2 protein chains.
Amino acid sequence: MPTSQEQPRRRQSRGERRIAQLLEAAATVFTSTGYTAASTNAIAREAGVSPGTLYQFFPNKEAIAIELGGRLVAEYQAAYGEALAPVDPAIPLEMVVNAIVDQFIDFNCRRPVFFALMHGPDVPGRIAEEHDVLHKTVIDRIQGLLSPFLTDLPAEEITRVAQVCMAVYMAGLELILAREGADREAYVQELKNVLLRYLDPLVGDRLGGTPEQGP
Amino acid sequence: MPTSQEQPRRRQSRGERRIAQLLEAAATVFTSTGYTAASTNAIAREAGVSPGTLYQFFPNKEAIAIELGGRLVAEYQAAYGEALAPVDPAIPLEMVVNAIVDQFIDFNCRRPVFFALMHGPDVPGRIAEEHDVLHKTVIDRIQGLLSPFLTDLPAEEITRVAQVCMAVYMAGLELILAREGADREAYVQELKNVLLRYLDPLVGDRLGGTPEQGP
DNA sequence: GACAAACACGAGTGGTCGCTCGCATTCTTA
DNA sequence: TAAGAATGCGAGCGACCACTCGTGTTTGTC
């Protein structure tokens with residue numbers, strides 16, 4: 001016999017719209033207050049519905065964050081699915097780093113919730129697990145991307161380099177999200193500089209060292 | 001007439017001991033759960049006293065964090081007060097960065113609460129202000145330290161560089177605190193590498209570029 | 001139009017947390 | 001040693017929050 005079967009409730013189009021509305025409201029509230037401090041009543045109010053209506057579509061608060069996170073990941077992969085795919089190591093590292101940073105920054109600026117949900121230290125068990133999985137995946141991809149460039153380094157060290165790149169990116173992202181306009185652009189350039197100068201001395205000896213670039 | 005005067009309650013030595021005990025307990029709880037999730041009852045339990053006793057010495061939860069933060073800053077300044085003081089720009093940047101990173105890492109490893117309190121995104125108003133002040137001070141100091149080295153750059157850009165250095169340090173610290181032993185040391189070296197390679201191309205042309213260093 | 005299912009409401013429930021209060025105990029001081 | 005202050009206790013209060021439930025409304029289907 002089936003164990004506690006999940007009967008797939010038939011949604012009406014009104015329901016689908018409500019769900020989208022609630023997730024949008026949740027994104028707004030999570031972004032401004034973080035996950036833990038965000039109350040489900042506040043999310044419902046932001047969406048213009050009653051608390052009861054919210055629980056018509058989500059079994060609990062955690063499920064909102066999980067669904068939101070899932071949709072964000074899907075949206076990201078649809079837009080930049082190949083961002084971290086391995087590339088021809090003959091391409092200058094500068095171009096690779098620039099392209100990847102630009103894509104990630106672009107997405108994170110358009111969807112600031114993503115950072116709030118991923119970087120928040122207050123998210124509870126289940127979400128933290130999802131984040132861990134995603135984090136490990138990204139690290140693996142960075143590692144695979146860097147390997148052809150960092151031919152002289154042992155695998156263990158490449159892992160470390162990937163971890164450091166990820167951490168530096170996250171730190172830069174926080175600075176960047178707190179700024180706007182030209183100031184933001186300047187910090188994006190600085191982030192690229194940090195990563196490039198960090199990685200450049202590590203690449204195996206091939207033609208084309210990366211020269212300095214100005215703003 | 002005096003406005004709502006604070007009468008300085010005479011403490012017995014027993015009381016001073018309790019305060020130290022409570023702050024130590026608070027440090028433990030804050031470190032493991034963060035400020036918001038830490039309950040005052042949990043802090044009292046950790047210290048082996050009743051909730052009422054806790055409130056004999058602190059007017060509210062915020063005051064605990066503020067007192068703890070104040071003592072940590074004082075402790076830090078006593079140990080490394082001159083860590084960010086300007087130095088002779090003839091000294092190689094590598095030595096300067098190495099020394100500063102070592103000192104900060106050393107302190108943060110011995111007192112992990114410091115990072116938890118400073119980096120936590122969930123700390124309420126009053127504490128956030130204190131952190132802002134401290135953060136601005138540190139940025140200023142870094143700026144003053146870097147200026148003699150980065151002679152070719154306008155002030156505005158040096159500010160940006162200081163901000164980036166601080167953010168990179170914080171990111172590295174998070175990686176480092178999550179590791180132990182030889183692994184930790186390796187990440188400390190990586191952090192130094194990131195900062196050095198980022199700053200090295202910026203220093204005005206003088207003798208002594210910074211060569212690569214191994215683990 | 002009739003019926004059922006999905007949707008919507010919002011006061012209410014149980015639980016947690018910051019904090020209080022009345023009272024007991026220990027220390028200081030004269 | 002006696003008075004008063006400091007310390008200590010822990011049940012409990014009020015506020016807030018995640019979540020529920022009884023009831024009423026809208027929508028899809030025959």
Side-chain angles (χ1 to χ4, degrees), chain A residues 5-26 28-30 32-68 117 120 122-127, chain B residues 5-26 28-30 32-68 117 120 122-127:
Chain A
Q5 194 69 11
E6 176 107 355
Q7 62 217 12
R9 184 173 187 152
R10 282 177 39 223
R11 293 269 174 236
Q12 301 177 350
S13 64
R14 184 171 40 141
E16 298 290 350
R17 257 181 286 127
R18 273 273 179 267
I19 290 178
Q21 200 176 24
L22 283 163
L23 288 176
E24 199 174 338
T28 304
V29 179
F30 286 158
S32 64
T33 73
Y35 174 81
T36 308
S39 82
T40 54
N41 289 17
I43 294 172
R45 203 181 316 121
E46 173 77 23
V49 302
S50 81
T53 298
L54 186 152
Y55 283 94
Q56 196 89 34
F57 301 101
F58 299 100
N60 52 50
K61 182 178 169 181
E62 197 175 5
I64 303 174
I66 290 182
E67 177 65 24
L68 183 57
L117 269 186
D122 54 352
V123 289
R126 181 77 191 292
I127 305 177
Chain B
Q5 194 68 15
E6 178 109 352
Q7 62 216 10
R9 183 171 186 153
R10 282 179 40 226
R11 294 267 173 237
Q12 300 177 354
S13 64
R14 186 172 35 141
E16 298 290 351
R17 257 181 286 129
R18 274 274 178 266
I19 290 178
Q21 199 177 23
L22 283 164
L23 288 176
E24 199 174 337
T28 303
V29 179
F30 286 157
S32 63
T33 73
Y35 174 82
T36 308
S39 82
T40 54
N41 289 16
I43 295 173
R45 203 180 317 121
E46 173 78 23
V49 303
S50 83
T53 298
L54 185 152
Y55 283 93
Q56 195 87 34
F57 300 102
F58 299 99
N60 51 51
K61 181 178 169 181
E62 198 175 2
I64 303 174
I66 290 182
E67 176 67 22
L68 183 57
L117 270 186
D122 54 351
V123 290
R126 182 77 191 292
I127 304 177

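Not measured: the values here are computed from a predicted model. Proteins get letters first, then strands, A, B, ... in listed order; numbering begins at 1 in each.
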Point to revise | Separation between CZ of B:Arg14 and CZ of B:Arg17, rounded to the nearest 0.5 Å | key: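 Here the interatomic distance stands at 8.0 Å.
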Exercise for review: Using a 4.0 Å cut-off on protein heavy atoms (strictly under), produce a 5'-to-3' string for nucleotides 11-20 of chain D with B for base contact, S for backbone-only sugar-phosphate contact, and - for none.
Suggested key: -------SBB
Check your understanding: Reading nucleotides 22-30 of chain C 5' to 3', which nucleotides get B (base under 4.0 Å from a protein heavy atom), which S (sugar-phosphate only), which -?
Key -> ----BSSS-
Check your understanding: OP1 or OP2 of D:dG8 sitting under 4.0 Å from any side-chain N/O of B:Ser50?
Key ->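 No, no such contact exists.
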Roughly how many Å is it from [atom1] in [X] to [atom2] in [N], rounded to a whole number?
X: A:Glu16; N: C:dA6; atom1: CD; atom2: C1'; value: 12 Å
X: A:Gln56; N: D:dC21; atom1: CD; atom2: P; value: 13 Å
X: A:Phe57; N: C:dC9; atom1: CZ; atom2: C1'; value: 12 Å
X: B:Ile43; N: C:dC17; atom1: CD1; atom2: C1'; value: 12 Å
X: A:Arg11; N: C:dA8; atom1: CZ; atom2: P; value: 10 Å

Exercise for review: Using the test side chain to side chain contact (heavy atoms under 4.5 Å, CB included), find all partners of B:Arg11 that sit at least two apart in sequence or belong to another chain.
Suggested key: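 For B:Arg11, the residues satisfying side chain to side chain contact (heavy atoms under 4.5 Å, CB included) (neighbours in sequence not counted) are B:Arg9, B:Glu16, B:Ile19, B:Phe57.
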Check your understanding: Among all residues two or more places apart in sequence or in another chain, which pass the side chain to side chain contact (heavy atoms under 4.5 Å, CB included) test with A:Thr33?
Key ->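 Once residues adjacent in sequence are excluded, the partners of A:Thr33 under the side chain to side chain contact (heavy atoms under 4.5 Å, CB included) criterion are A:Val29, A:Ala37, A:Ala38.
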Point to revise | Reference residue B:Phe30; test side-chain contact (heavy atoms from CB on, under 4.5 Å); the match among B:Thr36, B:Leu23, B:Leu117 | key: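 So, applying the side-chain contact (heavy atoms from CB on, under 4.5 Å) to B:Phe30 and each of B:Thr36, B:Leu23, B:Leu117, only B:Leu117 qualifies.
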**Study point:** Residue pairs involving residues 55-67 of chain A (criterion salt bridge (charged side-chain N to carboxylate O under 4.0 Å, His left out); sequence neighbours excluded)
**Key:**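 Salt bridge (charged side-chain N to carboxylate O under 4.0 Å, His left out) check on residues 55-67 of chain A returns A:Glu67-A:Arg71.
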Check your understanding: Got A:Phe58 and A:Leu68 here, is their nearest side-chain heavy-atom distance under 4.5 Å?
Key ->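 A side-chain contact is absent here, since even the closest heavy-atom pair is not under 4.5 Å.
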Practice item. Would you mind listing every side-chain hydrogen bond (donor to acceptor under 3.5 Å, both in side chains) that reaches into residues 43-54 of chain B, with sequence neighbours excluded? Key: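 Only B:Ser50-B:Thr53 qualify under side-chain hydrogen bond (donor to acceptor under 3.5 Å, both in side chains).
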Practice item. For residues A:Leu22 and A:Ile43, report the shortest heavy-atom separation together with the two atoms involved. Key: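 Smallest heavy-atom distance, with atoms named: O-CG2, 3.9 Å.
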